[in-house]
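First the structure, in the form of structure tokens, and then the observations on it.
Just so we're clear, the structure is a prediction, and the values are computed from it rather than from any experiment. In what follows, residues are counted from 1 in the order of the sequence shown.
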Amino acid sequence: MNGWFLRGVLARMRTPSAVRETRRQEASPAGLASGATGETVRAGAPVNGHHVLEQVVRLPVSTWRYHWDPPHVRHIGPMAQDWWAAFQVGEDDRTICCTDANGIALVAIQALHRQVEELRSEVTALREQVAHQRAQQSEPAGPQNG
């Protein structure tokens with residue numbers, strides 16, 4: 001039996017029809033689209049980007065293929081169990097939701113951006129300090145009292 005067909009059957013069996021219809025309507029030609037808006041979500045909370053980045057760095061990532069994929073097809077990513085252990089987002093430790101993967105990636109990018117900006121500021125301050133010290137060293141000594 002075709003793996004994709006079986007996955008579709010299983011997805012329809014455990015997904016309520018109203019949710020399936022919503023998911024179908026939120027699909028775009030490029031793939032699934034997140035319907036997360038202020039009106040459609042509950043219990044939003046800020047995320048600690050530095051903590052998420054630490055988890056991303058430790059997350060094992062590998063290439064693999066599903067048992068139903070032809071041998072030439074490869075995917076890249078973490079295993080769902082490792083994802084769940086790191087982030088505890090999504091439905092369970094058997095799947096990784098694309099919305100969650102995108103969110104984790106965005107939070108990690110934001111944390112990296114903050115780190116880069118902090119390092120840029122530090123480098124600028126150190127360069128100014130070095131320039132000031134060099135300027136002081138190159139100034140001729142004042143009049144000497146003898």
Side-chain angles (χ1 to χ4, degrees), residues 3-142:
W4 290 108
F5 173 77
L6 182 57
R7 263 184 72 187
V9 168
L10 292 174
R12 285 190 298 278
M13 287 173 50
R14 66 178 186 212
T15 305
S17 61
V19 173
R20 273 198 321 275
E21 181 61 22
T22 300
R23 287 182 181 167
R24 187 187 66 72
Q25 290 173 355
E26 291 172 356
S28 73
L32 291 179
S34 173
T37 66
E39 297 82 33
T40 62
V41 300
R42 286 185 258 156
V47 177
N48 181 329
H50 295 292
H51 175 72
V52 169
L53 181 57
E54 289 172 11
Q55 295 302 103
V56 168
V57 168
R58 287 195 288 264
L59 188 65
V61 177
S62 58
T63 61
W64 42 267
R65 69 182 180 87
Y66 292 107
H67 66 272
W68 57 79
D69 282 339
H72 71 280
V73 174
R74 302 296 295 166
H75 303 281
I76 187 168
M79 295 294 109
Q81 295 88 347
D82 295 328
W83 178 267
W84 181 262
F87 306 113
Q88 290 88 40
V89 295
E91 290 184 42
D92 54 36
D93 70 345
R94 309 301 296 167
T95 58
I96 300 173
C97 173
C98 294
T99 299
D100 295 327
N102 291 339
I104 293 295
L106 289 171
V107 169
I109 290 167
Q110 290 173 347
L112 284 171
H113 176 74
R114 284 192 299 275
Q115 288 181 1
V116 167
E117 290 303 311
E118 289 168 6
L119 289 171
R120 282 183 179 157
S121 294
E122 186 177 341
V123 167
T124 299
L126 289 171
R127 284 180 177 162
E128 290 171 359
Q129 183 180 359
V130 167
H132 179 72
Q133 289 173 347
R134 285 184 180 160
Q136 283 183 334
Q137 291 172 352
S138 66
E139 290 178 4

Those residues at least two apart in sequence (or on a different chain) that pass side chain to side chain donor-acceptor pair (under 3.5 Å) with His132 are Gln136

Exercise answer: donor-acceptor pairs, residues 45-56 side-chain atoms, under 3.5 Å, sequence neighbours excluded:
unit_1	atom_1	unit_2	atom_2	d
Asn48	OD1	His50	N	3.0
Asn48	OD1	His51	N	3.0
Gln55	OE1	Arg58	NH2	2.4
Gln55	NE2	Ala86	O	3.3

Minimum heavy-atom separation for Ala80 to Thr95, with atom names?
CB-N, 3.6 Å

Classify the angle between the aromatic ring planes of Trp68 and Tyr66 as parallel (below 30°), tilted (30 to 60°) or perpendicular (above 60°).
parallel

Can you measure from CH2 (Trp64) to CG (Asp69) and round to the nearest 0.5 angstrom?
8.0 Å

Residue set satisfying side-chain contact (heavy atoms from CB on, under 4.5 Å) with Val41, at least two apart, ordered chain then number -> Ala36

Sequence neighbours excluded, which residues qualify as side-chain contact (heavy atoms from CB on, under 4.5 Å) partners of Arg74?
Thr63, Arg65

List the residues meeting side-chain contact (heavy atoms from CB on, under 4.5 Å) with Gln133, not counting sequence neighbours, and say none if there are none.
Gln129

What pairs of residues pass the salt bridge (charged side-chain N to carboxylate O under 4.0 Å, His left out) test when at least one of them lies in residues 108-117, not counting sequence neighbours?
Glu117-Arg120

Among pairs that include at least one residue of residues 87-122, which meet ring-ring contact (aromatic ring centres under 6.0 Å, His included), considering only residues two or more places apart or in two chains?
Trp83-Phe87

Atom of Asp82, atom of Pro60 and distance for their closest heavy-atom approach
OD2-CG, 3.7 Å

List the residues meeting side chain to side chain donor-acceptor pair (under 3.5 Å) with Thr124, not counting sequence neighbours, and say none if there are none.
none

Checking Leu119 now: which residues fulfil side-chain contact (heavy atoms from CB on, under 4.5 Å) with it, not counting sequence neighbours?
Glu122

Return the CD to CD1 distance between Glu91 and Ile96, rounded to the nearest 0.5 Å.
12.5 Å

